Amino acid sequence: GMSGGGGPTNSGTLFDLAPDGSGFGVLRAFEGTNFDPMWDRSELAVGDGVLYGVTSKDGPTRRGYVFRLHPDGSGFEIVHAFQGGSQDGSYPKGSVTVTEGALFGTTPYGGERDRGTIFRLGPGGGQYQILHHFQGSPADGSYSLGPVISDKGVLYGTTRGGGSSNESGVIFRISPDGTGYTIVKDFGSGGGWDPRAPLAMRESTIFGLTQTTAYCVRTDGTGFGVFHVFPAFKGDGKTPVGGFTVAGETLLGVTEKGGANSLGTVYSMDLLGNGYRILHSFTGSLADGSQPHDSLLLLDGALYGTTQEGGASGRGVVFKIGTDGSGFQAIQSFRGGPGDGRNPEGSLVELGGTLYGMTGLGGVGGSGVVFSLRNELTVAGQVIFEGTGLAGVTMLGLPGNPVTDATGRYSAIVPLGWSGTVTPSHAGFAFSPSQRAYASLRIDQNGQDFEGVPDEPRARRRLRRS
């Protein structure tokens with residue numbers, strides 16, 4: 001992970017943290033105030049097994065930078081420090097997008113008219129190039145918070161300002177080489193204002209959100225339509241944040257406000273806006289969060305997200321919920337302080353079965369951390385009879401009902417937050433304990449051993465009782 005302060009120079013540290021909070025170790029201390037990371041609603045991206053991110057402020061030029069690091073926290077490197085002025089962007093927010101063999105992103109400021117830029121970085125972060133300088137109203141957008149998305153070799157994104165009137169924002173498209181820049185939708189003509197990022201794509205149709213609406217438009221700019229207005233009814237979500245997550249024929253998202261408790265919602269609808277329903281209204285309780293702040297991550301049929309507040313310490317949570325609204329769990333509560341982050345920002349990403357994200361506050365210096373949380377856990381142990389491993393025992397209740405090997409050992413992978421009961425079964429044996437129950441697992445469960453004892457024949461037990 002990463003903090004914005006601390007270390008020998010009080011300039012921030014990189015650290016790793018096991019899901020149970022153990023295994024804390026400083027991996028890197030930032031060298032001096034010119035390299036302090038200042039998190040400002042940034043998020044991570046994954047490319048070729050490496051994590052990429054941006055900071056909005058500070059760095060060598062104090063205008064933000066793009067960085068990369070390995071999932072274990074090693075190999076931290078600033079791959080581009082923004083210069084600002086007319087020849088470069090400044091103060092990037094959002095994240096970079098890894099596609100077409102390169103990194104792409106936007107800045108809200110800098111460039112020819114200080115209205116922001118679209119930029120490209122080559123593989124590994126070299127060959128920096130400005131693809132477009134935003135010109136602002138009335139013919140172009142301004143103040144892009146990224147990220148862009150890619151579809152069929154073309155990049156699409158939004159700006160929160162610019163357009164023909166009222167600084168309502170635009171959707172743009174551009175080729176990865178910088179050619180073919182076009183406005184797909186100008187929100188000055190209606191349909192909402194302040195379009196969010198990222199966009200979602202399905203069969204050459206863009207799905208997106210504004211401050212008050214859900215809309216779709218084809219990639220050539222035709223067929224624009226609004227299919228939901230927030231809030232549409234009492235108890236509906238209010239102020240959508242992030243973008244849509246597409247799961248088959250379903251659109252899923254979050255609102256920062258509204259819902260039954262006015263603390264935000266998770267919602268779903270189909271691709272036409274039909275079947276809209278609230279999957280979860282946040283309560284802000286010890287076992288729940290409040291004020292979700294970015295897009296959901298779809299992983300193995302479940303949705304993962306974060307809230308800025310709520311949870312056991314009131315400082316935000318990582319949550320998990322089924323695409324049908326079932327099985328909601330707050331699987332991690334942030335504590336804040338020097339050993340943890342607080343108030344997470346940005347979407348989660350997944351790499352190698354581990355979730356990664358960033359917080360806006362917390363850590364040694366109070367300026368935020370990069371955190372990791374494993375998505376899959378292990379339940380493992382050994383079944384023993386008279387000091388020797390017992391083979392052929394079926395471990396009922398674990399995924400796949402694994403069977404012990406020749407040494408009596410078993411192991412199974414379960415999802416983060418798994419609940420269930422494990423019962424060993426083998427003809428002629430009873431076991432101690434007879435079963436083990438688990439609820440909302442957050443850490444590996446090793447050493448889950450059982451002891452086998454011969455099971456007396458039932459007839460003998462009946463004779464003994466008579």
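Each residue takes its place number in the sequence, starting with 1. Keep in mind that what you see is a predicted model, and the values were worked out from it rather than measured.
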For [X] and [Y], does a side-chain donor sit closer than 3.5 Å to a side-chain acceptor?
X	Y	result
Ser290	Thr307	no
Glu345	Gln308	yes
Asn261	Ser281	no
Thr159	Ser144	no
Gln83	Arg63	no
Thr239	Gln211	no
Lys93	Thr107	no

What side-chain donor-acceptor pairs closer than 3.5 Å can you find for residues 269-277, not counting sequence neighbours?
residue	atom	partner	partner atom	Å
Asp270	OD1	Leu272	N	2.8
Asp270	OD1	Gly273	N	2.9
Asp270	OD1	Asn274	N	2.7
Tyr276	OH	Asp236	OD1	2.5
Arg277	NH2	Asp324	O	2.8

#### Entry: Test applied, ring pair (Phe, Tyr, Trp, His ring centres under 6.0 Å); reference residue, His80; option that passes from Phe119, Tyr52, Phe67, Tyr128
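It is Tyr128, the one option of Phe119, Tyr52, Phe67, Tyr128 that forms the ring pair (Phe, Tyr, Trp, His ring centres under 6.0 Å) with His80.
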If every non-hydrogen atom of [X] is compared with every non-hydrogen atom of [Y], which pair is closest and at what distance?
X	Y	value
Thr306	Pro344	CB-CG, 3.7 Å
Val246	Leu298	O-CD2, 3.7 Å
Pro92	Ser56	O-OG, 2.6 Å
Thr205	Cys216	CG2-CB, 4.0 Å
Ile149	Met201	CD1-CE, 3.9 Å
Phe282	Pro292	CE1-CG, 3.6 Å

Report yes if some heavy atom in the side chain of [X] is under 4.5 Å from a heavy atom in the side chain of [Y]; otherwise report no.
X	Y	value
Leu103	Thr97	no
Val266	Leu296	yes
Val96	Val66	yes
Thr250	Phe244	no
Tyr181	Leu131	no
Pro198	Pro147	yes
His70	Val50	yes
Glu256	His293	yes

Separation of [Y] [atom2] from [X] [atom1] (nearest 0.5 Å):
X	Y	atom1	atom2	answer
Phe207	Tyr215	CZ	OH	11.0 Å
Arg196	Arg160	CZ	CZ	4.5 Å
Ser164	Asp140	OG	CG	12.0 Å
Thr354	Leu416	OG1	CG	10.0 Å
Asp114	Ser90	CG	OG	6.0 Å
Leu209	Thr255	CG	OG1	10.5 Å

### Task
With side-chain contact (heavy atoms from CB on, under 4.5 Å) as the test, would you mind laying out the steps for Ile443 and Leu377 before giving the verdict?
CA-CA 6 Å; Ile443 61 175; Leu377 303 174; 5.5 Å; no
### Task
Examine Lys320 relative to Tyr304 and say whether NZ or CZ is less than 6.0 Å from the centre of the six-membered ring and inside a 45° cone about the ring axis.
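No, Lys320 does not sit over the ring of Tyr304.
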Looking only at the aromatic ring of each residue, does the gap between the centers of [Y] and [X] stay below 6.0 angstrom?
X	Y	result
Phe82	Tyr91	no
Phe230	Tyr267	yes
Phe172	Phe134	yes

### Task
Apply side-chain hydrogen bond (donor to acceptor under 3.5 Å, both in side chains) to Lys152 and Ser204, showing your working.
CA-CA 9 Å; Lys152 299 178 181 177; Ser204 298; 2.9 Å; yes
I'd like to know if the side chain of [X] and the backbone of [Y] have a donor-acceptor N/O pair within less than 3.5 Å.
X	Y	result
Ser268	Leu252	no
Ser347	Asp294	no
Asp288	Thr283	yes
Ser295	Gly242	no

### Task
May I ask you to decide if the ring planes of Phe76 and Tyr65 are parallel, tilted or perpendicular, using 30° and 60° as cut-offs?
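Judged by the thresholds at 30° and 60°, the geometry between Phe76 and Tyr65 is perpendicular.
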### Set of salt bridge (charged side-chain N to carboxylate O under 4.0 Å, His left out) partners for Arg115, sequence neighbours left out
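Arg115: no salt bridge (charged side-chain N to carboxylate O under 4.0 Å, His left out) contacts found.
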### Message
Does atom CD (Glu77) have a neighbourhood of more than 12 heavy atoms from anything else shown, all under 6.0 Å?
### Response
yes
